[in-house]
Amino acid sequence: MELNVSENLNEKQKLAVEHTEGPLLIIAGPGSGKTRVITQRIAHLIDHCDVKPWQIIAMTFTNKAAREMKDRLGTLFSDEEQHRINASTFHSFCAMLLRREADFLSLNQDYSILDDTDQISLLKRVMDEVGIDPNQWKVRAIQSAISNAKSKLMTASAFRAGKNSYFEEIVDRVFTRYEELVSQSNAVDFDDLIMNTNILFQNHPEVLEKYQSRYLHIMVDEFQDTNLAQYQIAQQLAGLHKNLCVVGDPDQSIYSWRNADITNILSFKKDYPDATEISLEQNYRSTKTILAAAQKVISPNQNRVDKDLWTQNDEGSPIIIAEAYDEFEEARITLNEIQNLIDTGICKPAEIAIMFRVNAQSRVLEEACLKSGVSYQLIGGIRFYQRQEVKDIVSYLRLLNNFNDDASLARIINVPQRSIGKTTLNKLSEQATSGGCSLWNQIEVILNRPDHDNSTSFLNKRSLNSVQVFYNLMKEIHDGSKDMDLQSKIDLVIERTGYRDYLQAMEHGEERLQNLNELRESAADFITIEDEEGLDPLTIFLERVSLISDVDRLEDHANSITMITLHQAKGLEYKTVFIVGMEEGLLPHSRSLEHPEQMEEERRLCYVGLTRAHSRLYLMRAFRRGYRGNYEPSIPSRFLKDIPSKLTLNTGGNIKQRVDNNYKKAESPKKLSSIDDKSPYEQYKERIRQKKINSSKKKNDFNPGDKVMHDVFGEGVVVDVKAIPSDFELTIAFKDGLGIKKLLLQLAPIKKLNNM
């Protein structure tokens, strides 16, 4: 049956769907129907161009988006055809490919994928091994540096060759040993999935040629979120047929902290001079008012592609700007309005979202929900698969699947308690390090020696017996579960390890057991012994668990409102959106205030939040907010000033009057003289300007290694000095557990100490 895939598409969408040869760049504004275009384009290729479903690969960034793509295609094709369509995340695609081609790498097919928690645990172990103080050098900073290097396809040895600061020297010491441990564990982290695929293609051209021949068409959704390594995979796959279609919007590039590179989409036409460019500018989601406000917020950015978004939707209601005294009143006003929207039938709970810049803002909102009786789902809290009991059982399963998985073994070797304490585990780790093997292999070595009582004197008899009991237990479960389905394996682990009794003795034990029942239910889809690639269902299940994100567990039809960070809200839409914390220091975040590129990203983040809304948009701010230990008057976000007053309705009334009065009361003792009659936002800008003028005579005489004193943070050591426009950025390691901080020389209250 021939499909009319161009039905109900506008002219620009039709052009994108019917373009089937050569590189294609689709600039898709928010709400412009890009998912429909991608799915209809796939349908057009299959139905009109005689392309087979398995000859197309569509890659995006969340499992939810990939699932939506396949569901839409499922309405057009048979189940068999839908099953053969490759729609997945970059990480899922690479994980599948590396398992298929494991023989070309130093990996086994059953390799483990280290999640964020596993990675941090392993990095802490390395830092302890090489003698790096975690109070002075934050593990998250080191993790970020390693991730950034891998996103640029830098191995540990390449990083070592290019290091040029003391901090990079510290990272190098950790990076090298971390890679050794990951390899010994037959494991990879998220960045390795992408990097190893690139290495595989570069070192084994015959493998690359196989996939180039297989995939005639490569499509990449959310292209502005790709990093160098991901873009290179897409380019290599498209190297033979040149049919690379990328879809994205530079105005929605908000993941630089995750190493996304906005220049990928901005320079696509330079990489492919013959590429066709199509802009999807008609918005089907938001009202004219919301769209006009979003355009005003994003237009000051320089690093973008101009497009003129428009919509045939109604003008809609004005954007409500509400001002509260503090975050508690902000939450109360927000929940009162939500309750009103629900009670009057204007919105269902699932059509409402509260969005915020940082996770810490959710606590007060959660408390307000509980007090008001409004049901909610929080995206970005403790992830389901990171809950203690779920993570424990998954770690048992991972160890059964890959005995060399050090991170999983270290987590559960004494859970429930087996008299294997930290001292015993540390001694085992030291011996494993000396022997260049995994923890499991080290355990086998000491247990299989006939003279182990003498040769393993680093363990006392009690510890040795406990390790023996654990080893026997895991072997017994492994051997006894070989022919079991996944649910039965989970049941066996819970019962034989004593984990059920362990949970029941804990507070909220029944609730924790319910989480394990949910884990068990999630395994129900993996009931076959092997998939078409010959992989054990347990391997596939553990891969899915590792790669699932918070948004993937979002329940679309739940009778609850959604609370979510602005970063996680990307790709979602709601009838009504509340954005709370519209203040300088929150949105835009304080880290961006002196960095133009970061400020542009904050502006894009605000733009993403605004364009999630269909018909109602509330922008909330508080006069005072307790954040990071401070409780001071806040300044309205500069983004509020960008929105024309004709598009907004300030709630005014008693709330606004009380805020204005309190603002004057708080500021009056400071005697701001000539700037007193300016708006709070202008006062803020003026104080920063004056501060810069007063300190403009400072010249940089700081060098790495200098000891300094900060008025607040105390004594520290300069580890890096970086020249930036009109200033210098100093990276300083402070004592007393305060860690590493980046400070601007013109503003930081620091002085050099006598280093003699």
Side-chain angles (χ1 to χ4, degrees), residues 110 112-125 185-187 189 381-422 424-426 428-429 438-440 443 466-467 469-478 480-481 484-524 526 537-548 550 553:
D110 57 0
S112 298
I113 300 175
L114 303 179
D115 63 20
D116 181 74
T117 305
D118 303 321
Q119 194 177 8
I120 291 296
S121 176
L122 210 54
L123 286 169
K124 286 180 177 177
R125 174 182 165 186
S185 296
N186 185 35
D189 60 29
I382 299 177
R383 293 170 53 191
F384 176 76
Y385 289 103
Q386 293 299 323
R387 294 179 188 274
Q388 177 189 332
E389 60 277 6
V390 176
K391 179 72 171 172
D392 285 346
I393 297 304
V394 168
S395 294
Y396 271 109
L397 295 173
R398 282 175 43 173
L399 192 60
L400 291 173
N401 194 57
N402 171 22
F403 277 130
N404 290 319
D405 187 338
D406 278 5
S408 294
L409 188 149
R411 180 182 179 91
I412 52 86
I413 192 171
N414 198 41
V415 179
Q417 290 186 353
R418 300 186 179 91
S419 299
I420 305 175
K422 188 175 181 180
T424 300
L425 184 59
N426 287 343
L428 287 170
S429 296
S438 68
L439 287 170
W440 181 265
I443 289 172
S466 297
V467 170
V469 169
F470 170 74
Y471 177 83
N472 292 344
L473 173 67
M474 294 307 301
K475 291 292 287 183
E476 176 190 328
I477 295 174
H478 177 268
S481 64
M484 288 184 176
D485 60 45
L486 269 175
Q487 289 187 320
S488 298
K489 286 185 180 182
I490 292 173
D491 292 339
L492 184 63
V493 168
I494 292 171
E495 298 303 329
R496 284 294 296 114
T497 61
Y499 203 85
R500 182 181 299 279
D501 294 337
Y502 169 69
L503 280 191
Q504 288 177 331
M506 297 174 64
E507 188 177 2
H508 306 301
E510 287 303 319
E511 181 181 332
R512 292 170 181 268
L513 282 171
Q514 288 175 9
N515 288 333
L516 293 187
N517 286 334
E518 186 175 344
L519 174 68
R520 187 180 183 278
E521 288 304 311
S522 69
F526 301 84
L538 177 58
T539 299
I540 306 169
F541 173 71
L542 293 174
E543 179 181 301
R544 303 276 176 87
V545 167
S546 296
L547 299 178
I548 201 165
D550 295 337
R553 292 183 55 79

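Quantities reported herein were computed from a predicted structural model and do not represent experimental measurements.
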Practice prompt. Decide side chain to side chain contact (heavy atoms under 4.5 Å, CB included) for Arg398 and Asn402; before the verdict, give the C-alpha distance in whole Å, the side-chain angles of both, and the deciding distance to 0.1 Å.
Written response: CA-CA 6 Å; Arg398 282 175 43 173; Asn402 171 22; over 6 Å; no
Worksheet item: Would a distance-only check, ignoring hydrogens and angles, find a side-chain to backbone donor-acceptor pair under 3.5 Å from Asp406 to Leu439?
Response: yes
Discussion item. Go through it in stages, so that I can follow the logic: the residues are Ile113 and Leu542, the test is side chain to side chain contact (heavy atoms under 4.5 Å, CB included), and I'd like the CA-CA distance, side-chain angles, deciding distance and then a yes or no.
Written reply: CA-CA 8 Å; Ile113 300 175; Leu542 293 174; over 6 Å; no
Fill in: Side-chain heavy-atom pair Tyr502, Thr497 within 4.5 angstrom cut-off
no
Worksheet item: Could you state the interatomic distance from CD1 (Ile393) to CD (Glu389), rounded to the nearest 0.5 Å?
Response: 9.0 Å
Worksheet item: Is any side-chain heavy atom of Arg125 less than 4.5 Å from a side-chain heavy atom of Ser429?
Response: yes
Discussion item. Could you measure the distance from the OG atom of Ser408 to the CG atom of Leu114? Nearest 0.5 Å is fine.
Written reply: 8.0 Å
Worksheet item: Do Leu123 and Gln119 have side-chain heavy atoms sitting under 4.5 Å apart?
Response: yes
Practice prompt. Nearest 0.5 Å please: distance from the CG atom of Asn472 over to the NZ atom of Lys475.
Written response: 10.0 Å
Practice prompt. Decide yes or no on side chain to side chain contact (heavy atoms under 4.5 Å, CB included) for Ile413 and Arg418, but give the supporting numbers first.
Written response: CA-CA 8 Å; Ile413 192 171; Arg418 300 186 179 91; 5.5 Å; no
Worksheet item: What distance separates Leu503 CG from Gln388 CD, expressed to the nearest 0.5 Å?
Response: 7.5 Å
Worksheet item: Is there a donor-acceptor contact under 3.5 Å linking the side chains of Asn401 and Thr539?
Response: yes
Item to complete: Taking all heavy atoms of Ala407 and all of Asp118, pick out the closest pair and write down the distance.
Response: CB-CB, 4.0 Å
Worksheet item: Is Arg500 salt-bridged to Asp491, cutoff N-O under 4.0 Å?
Response: no
Worksheet item: If we only count heavy atoms from C-beta on, is the Glu521 to Gln487 side-chain gap below 4.5 Å?
Response: yes
Worksheet item: When rounded to the nearest 0.5 angstrom, what distance separates CG in Asp110 from CG in Asn404?
Response: 8.5 Å
Item to complete: Search all heavy atoms of Trp440 against all heavy atoms of Met474 and return the closest pair with its distance.
Response: CH2-CB, 3.8 Å
Worksheet item: Are side-chain heavy atoms of Lys489 and Leu400 found at a separation under 4.5 Å?
Response: no
Fill in: Min side-chain heavy-atom separation Asn186-Ser112 under 4.5 Å
no
Discussion item. To the nearest 0.5 Å, what is the distance between OG on Ser185 and CG on Leu122?
Written reply: 6.0 Å
Discussion item. Can a donor-acceptor pair be found, under 3.5 Å and without considering hydrogens, that links the side chain of Asp189 to the backbone of Asp115?
Written reply: no
Worksheet item: Which of these, Lys391, Arg411, Gln386, sits in a side-chain hydrogen bond (donor to acceptor under 3.5 Å, both in side chains) with Thr117?
Response: Gln386
Practice prompt. Would you check if Val394 and Arg387 make a side-chain contact, meaning some heavy-atom pair closer than 4.5 Å?
Written response: no
Fill in: Parallel, tilted or perpendicular: ring planes of Phe403 versus His478, cut at 30 and 60 degrees
tilted
Practice prompt. Go through Tyr396 and Ile477 one step at a time and tell me if the side chain to side chain contact (heavy atoms under 4.5 Å, CB included) criterion holds.
Written response: CA-CA 10 Å; Tyr396 271 109; Ile477 295 174; 5.7 Å; no
